[in-house]
Trainee: 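Shown below is the structure under consideration.
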Amino acid sequence: MPDRPSLEGLETKWDRVWAEQGTYRFDRSKSRSDIFSVDTPPPTVSGSLHLGTVFGYVQFDSVARFWRMRGKEVFFPVGWDDNGLPTIRRVQNLFGVRCDPSLPYEAGLAIEPDPSADRPLSRRNFVEVCDRLTAEDEKVFEQVFRHVGLSVAWEQTYTTISRRSQRVSQRAFLRNLARDEAYLSEAPTMWDVDMQTAVAQAEMEDRPTSGAYHKLRFHRRDGNDLEIDTTRPELLAACVAVVVHPDDERWKTLVGSEVTTPLFEVAVPVVAHPLADPNKGTGVAMICTFGDSTDVVWWRELGLPMRSIVQRDGRLQGEVPDWFETDAARSAWASLAGKPTKAARRAIAELLAASGEMAGDPRPIEHEVRYYERGERPLEIVTSRQWYIRNGSRDEDRRRALLEAGTELRWHPEFMRIRYEHWVGGLNGDWLVSRQQYFGIPFPVWYPLDADGVVRHDRPITPEEDSLPVDPQSEAPPGFDESQRGQPGGFVGDPDVMDTWATSSLTPMIAGNWEDDPDLFERVFPMDLRPQGPEIIRTWLFSTLLRSQLEHGVLPWSNASINGWVLDPDRKKMSKSKGNVITPEALITEHGADGVRYWSCSAALGTDTAADPAQMRVGRRLAIKILNASKFVLGRAMPGGEVSEPIDRGMLARLATVVGEATASFESYQYQQALERTESFFWSFCDDYLELVKSRAYGGEAPGAASTASARSALALALSVQLRLFAPFLPFVTEEVWSWWQDGSIHRAPWPDPVELDVRATDDPAVLDAVAGVLAAVRRTKTAEKRSLRAPVARLVVSGPEETLTALRAAQGDLLEAGNVAELVLVEGEPAVEVALAAEDEA
RNA sequence: GGGCGCUUAGCUCAGCUGGUGAGAGCAGCUGGCUUACAACCAGCAGGUCGGGGGUUCGAGUCCCUCAGCGCCCA
C-alpha cells in the first residue's frame, strides 16, 4: 500500500495486467447456462470515436462486469464496422481517390493522402486503400476502448468487411435465396444521385427544403386550360397522367378525358385516385415517372406507362424522349437535355413563361423532401434491378410474427418497444439490400448469358457454401471458366454489394462464428443482451431480429438495452455537422477513465445526457476518496475477528440492504441505481461511521481489546464489499485497492452477497442513525460557533425516546471520542440536542 | 399531422407500484490544517415539483388539457 495513493498511472498499469493475465478472456469451455453473451454494437470506423459510443459501451460494460462477478462467463466481443459508404467516403475525401472499375489493378501502388488529387483507382486498389485506412483507425479505437477500461474479450474481435463476415453474409443470403426469402426485382427505387446507389427505407429521412410551386397550364379538349401546381416542373416530360380525387365535384366530369401537356403537347389521361389531395393546389396533380413515392403508387395501381427521363446521375437524359410527337416538343428538349434536375427546373420555368403556359411566377415554399441520411441532394426515383429480403411488409403473417417476437424481447427501458412496433407496423416495402458500390460484400451470384448474349436474371447461379466468400467479379461460377465471362453462353457476375445492414444484421452470427465453429455458436447463441442506441432500432435491431427469425426461428437475444444520446453541454445533440463533438480521448485523459465511466453510469438507460465535465470530476473525486478511505481501513485492518459492537453490526446490516438493492438493480439493467445506492452508502460510511469508530479502530491504549477488533473487522469487511459493488463502475481504482490486500483480480471476485455480512435479527442500522444524528448536531454547533471540529464539548445533553437513548448508550464511547465530548447526559423526552462547548481558552 | 420521452433548487439530475414536514451532487456563501483524504472536511442557504383542471382522506407520483423542449415516424 503506497504512502500517498494516487490515480496516476493506474490506467496504463491495469490495462497491461489485465491483458497479460487474460482477465477478460472468454473461457469457451463453459456451457450456455453459465455464459452471458453480449451482441455489442460495432462502431463505424472513422477518424475519431464518438463520445456517445464510449458512453453507451461503458454503460453495458458495467452490466457485463456485474454478470462476470456474478459467476457468469461473459462473451463480450467487439466488432469494427468498416464496411460500406462511410469508409468509401472517408477514403475518397482523405486520399483524393475515386473508384473506376474499368481500370486495371496496379500492384504496389503507393497512395498518399491528398484530398485534392481526384485520382482514379481500380476497384482492387481502391479496396486496398480502404483496408489500410480502416486498419489504422481500428487501432486507435481499440486504444480508446482499453483506456476507458472496457472488459472486452479482445481475442474475439471481428470486422464487418473481414473474410469471416463475408462468409457469414453470403451464406445467410444464399439460405435466404434458397428459401425464397430473398428475391431479385426490377422496380422503381429510391436513388442517391451522388453516391450512385439505391437506398433502403430505413436509411432515408425527410428534410425541410426550399422549393417553389409552379402553376402549369395543361390544355383541355374544349380549349380551356387545366391548371396544375407542381414543385417539379422539370419532370413535365415524364408526365403520364393527371390525377384528381374521385369525390372532387370540380373535376368529376373530366375523369376519363385526355389533356395535353404544356410545351411538349403530349396527350395524357385524367384519372381518379383517393391519394389525390383536393386541398393541395388546384386539386389536380400531375403523375410523373417518378417525382415522389406517391407517383410510384399511382403508376402501379393505375397501370400507367413508364416515361423515365431522369438518369442515375441526376441529370435529364440527353436524347429526345421517343414519346414526343411534335417538332416544337423536340426543340424545347434541347434546352433541358443533360441538365441536372435543379438547373432543368429553372430552364423549363423560363420556357413555360415564354410560351405563356405558366400562370404567374413560381411561389417559393418550404417543404419536406426525402434524402438519403448521409446524402446531400434529394433522392430521385429510378427503375433498377435490386435484391430484396422479405420483411413482413407484404405478408401479414410474417409481420405479425415479427411483432410477436418484439413482445417476447425484454426491452430496457420498456417504452423503447413501441419504436420497434411502429417501425414494423409501418413497413411499406421489402428490405432493399443491394447497393451499387465498390467497397462492400458482393452478392455471391452469377447470371448465365443465353446464346444471344442476353443476361438471364431469372436463373441465378450460386456457389457451394464451402467456397465462400466469393467475388463474382473476379471468380467464375461453378462449371464455367473466366474466359466465358460476358460471352454468349457464358456468364456475368452480379455487380452489386450488400447494404451494410445486411451484414450488421448478422452480428450475433459473425461474433459467434456461425457454421464455422458450431461448438462456440451453440454456447453463445441466442445471446443474452443486445445493447445499442435508439436511432438504430429500425435498422440494426429490426434487421438482426428478422435475419434470426428467418435463419433460426428464434429471437437473437433475450434482452435489448437502449442507451440515450449524449448531448453537448448546451443540451443539443452532438453531431459532426454542428462542430460540437467532444472527443472521448481528451475527456478520459483529463478526468480519468473512472471519472468518465462514473458520468456514463450515472445516466439511466434511454436517458439523454449532457456531456458534463463537472460530473466526471465528481467521479474522479469519488475514486480518490476510495483510495484514501481504503488506506485508512487497511492501515489497521483485521479481517476475521468478531464484530461485536452494536454500531458496527448496524453498519453491516445497512450495507447488506445496499447489496440487495444494488444486485436487484443490476439484474433489471438499472446499473445507475446500483451506483447511486453504493455511492450514497459509501459517503455516509466515510463521513459518519468512519469518523465515529476512528479512535476505537486506532486501539489507543488497548489495541487488543474486543471493541477494537470489532471495528477493524467491520471496516475490512465493509471495504471489501463496497469495493466489489464499485468494481463494475470504477474498475481501475477498485482493482488498485484490491491488489493491496487480496489475490487475483477484483473483476473475477465474487459479487457480494448479504450472507457474507452475517446479519442477525438483532442488528439494527438505527443505532448508527441515532449516533450520526447527534454527531451532526455537535458539528453544527461547532461550525456555527466558528470553532474547530476538534473543539471540546463540555456537556452534551440529548433527550429523546427510550429507543434513541438505548442506541446512544450502545455507542456512547464512539460518540464521546468523535465529538470530543467530556460529559454526555441522556434524558427521556421530546427529541432535542443541547451542545455546550468548552470555553475557547480551555481548548 | 401521429407517436414516444422530457419539463423537480442557479446548473445536472434522483424521487420505483400515490402516504412521515420534497432529496443528491455541482456552483454559491460561512467556517475549519481534524494523525485516510486541503484534489480535503464541516455547516448554511436555495424549490408555489412547467400552467390549468380532475380523481382521492391524501398527488412531484394517477387522469384530462394547454404550453415548451428533444427524438422518431408520416
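The figures that follow rest on heavy atoms only: side chains count, while hydrogens, waters and symmetry mates do not.
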Trainee: Quote, to the nearest angstrom, the C1' distance that separates B:rG19 from B:rA74.
Mentor: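 Taking atom C1' in both B:rG19 and B:rA74, they lie 44 Å apart.
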
Trainee: Distance check needed: B:rA14 P versus A:Tyr671 OH, whole Å only.
Mentor: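 Taking atom P of B:rA14 as the reference, OH of A:Tyr671 is at 11 Å.
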
Trainee: Are A:Ser665 and A:Arg677 close enough, and set up right, to give a side-chain hydrogen bond (donor to acceptor under 3.5 Å, both in side chains), and what steps lead you there?
Mentor: CA-CA 10 Å; A:Ser665 298; A:Arg677 292 289 150 83; 5.4 Å; no

Trainee: With a 3.5 Å limit on both atom pairs, tell me what B:rC11 is paired to, counting Watson-Crick and G-U wobble, or say none.
Mentor: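 By the stated definition (distances under 3.5 Å), B:rG25 pairs with B:rC11.
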
Trainee: Distance check needed: B:rG15 C1' versus A:Leu675 CG, whole Å only.
Mentor: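 A:Leu675 atom CG is separated from B:rG15 atom C1' by 16 Å.
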
Trainee: Please measure how far the C1' atom in B:rU34 lies from the corresponding atom in B:rG47, and state the result in whole Å.
Mentor: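 The answer is 34 Å between these two C1' atoms.
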
Trainee: For A:Gln670 and for A:Met204, find the nucleotide of RNA chain B with the closest heavy atom, then tell me which residue's nucleotide is more 5'.
Mentor: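 In this pair, the answer is A:Gln670.
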
Trainee: Separation of A:Leu622 atom CG from B:rA39 atom C1', in whole Å?
Mentor: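 Result: 13 Å.
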
Trainee: Out of B:rG43, B:rC40, B:rU12, which has the shortest distance to the side chain of A:Ala776?
Mentor: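 Closest of the options to the side chain of A:Ala776: B:rG43.
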
Trainee: Take the protein atom CZ of A:Arg677 and the nucleotide atom C1' of B:rC13, then report the distance between them rounded to whole Å.
Mentor: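 Rounded to the whole Å, the gap is 15 Å.
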
Trainee: A:Glu785 side chain to A:Leu837 main-chain N or O, any donor-acceptor pair under 3.5 Å?
Mentor: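 No, the answer is negative, given that no donor and acceptor are paired below the 3.5 Å cut-off.
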
Trainee: Can you tell me the distance, in whole Å, between the CE atom of A:Met616 and the C1' atom of B:rA39?
Mentor: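 So the two atoms are 18 Å apart, to the nearest Å.
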
Trainee: In whole angstrom, give the distance that lies between atom CZ of A:Arg4 and atom P of B:rA39.
Mentor: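 Value for this atom pair: 8 Å.
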
Trainee: Could you tell me how far B:rG68 sits from B:rC57 if I compare only their P atoms? Round to whole Å.
Mentor: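 These two P atoms come out 35 Å apart once rounded.
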
Trainee: Rounded to the nearest angstrom, tell me the gap between atom CZ in A:Arg419 and atom P in B:rG5.
Mentor: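 Rounding to the nearest Å, CZ of A:Arg419 and P of B:rG5 are 9 Å apart.
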
Trainee: When both hydrogen-bonding distances must be under 3.5 Å and the geometry is Watson-Crick or G-U wobble, what is B:rG1 paired with, if anything?
Mentor: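 Answer to the pairing question: B:rC73, which forms a Watson-Crick or G-U pair with B:rG1.
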
Trainee: Any side-chain donor-acceptor pair under 3.5 Å between A:Ser393 and A:Asp430?
Mentor: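 Yes, side-chain donor-acceptor contact under 3.5 Å.
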
Trainee: Expressed in angstrom and rounded to an integer, what is the separation of A:Leu634 atom CG from B:rC37 atom C1'?
Mentor: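 After rounding, the gap between these two atoms is 14 Å.
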
Trainee: May I ask you to evaluate whether A:Arg617 reaches the phosphate of B:rC26, defined as a side-chain N or O under 4.0 Å from OP1 or OP2?
Mentor: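 Checking B:rC26 against A:Arg617, no side-chain N or O comes under 4.0 Å of OP1 or OP2.
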
Trainee: Is there a Watson-Crick or G-U wobble partner for B:rU55 with both distances under 3.5 Å, and which nucleotide is it?
Mentor: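 Base partner found: none.
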
Trainee: As a quick check of understanding, evaluate side-chain hydrogen bond (donor to acceptor under 3.5 Å, both in side chains) for A:Ser710 and A:Glu645, giving each step before the final call.
Mentor: CA-CA 6 Å; A:Ser710 175; A:Glu645 296 292 312; 5.4 Å; no

Trainee: Can you check the distance between B:rG52 and B:rA42, where both ends of the measurement are the P atom (answer in whole Å)?
Mentor: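 So the two P atoms sit 39 Å from each other.
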
Trainee: Would you check if the side chain of A:Lys782 reaches a backbone N or O of A:Arg787 as a donor-acceptor pair within less than 3.5 Å?
Mentor: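 No, the answer is negative, given that no donor and acceptor are paired below the 3.5 Å cut-off.
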
Trainee: Watson-Crick or G-U wobble partner for B:rG68, using a 3.5 Å limit on both distances?
Mentor: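 Partner of B:rG68: B:rC6.
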
Trainee: Show the nearest heavy-atom pair for residues A:Leu427 and A:Phe542, with the distance to one decimal.
Mentor: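 Closest approach of A:Leu427 to A:Phe542: CD1-CZ, 3.6 Å.
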
Trainee: Between A:Ser788 and A:Pro5, who's closer to the 5' end of RNA chain B by nearest nucleotide?
Mentor: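 Upstream on the strand: A:Ser788.
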
Trainee: Side-chain N or O of A:Lys694 less than 4.0 angstrom from OP1 or OP2 on B:rU35?
Mentor: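 No.
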
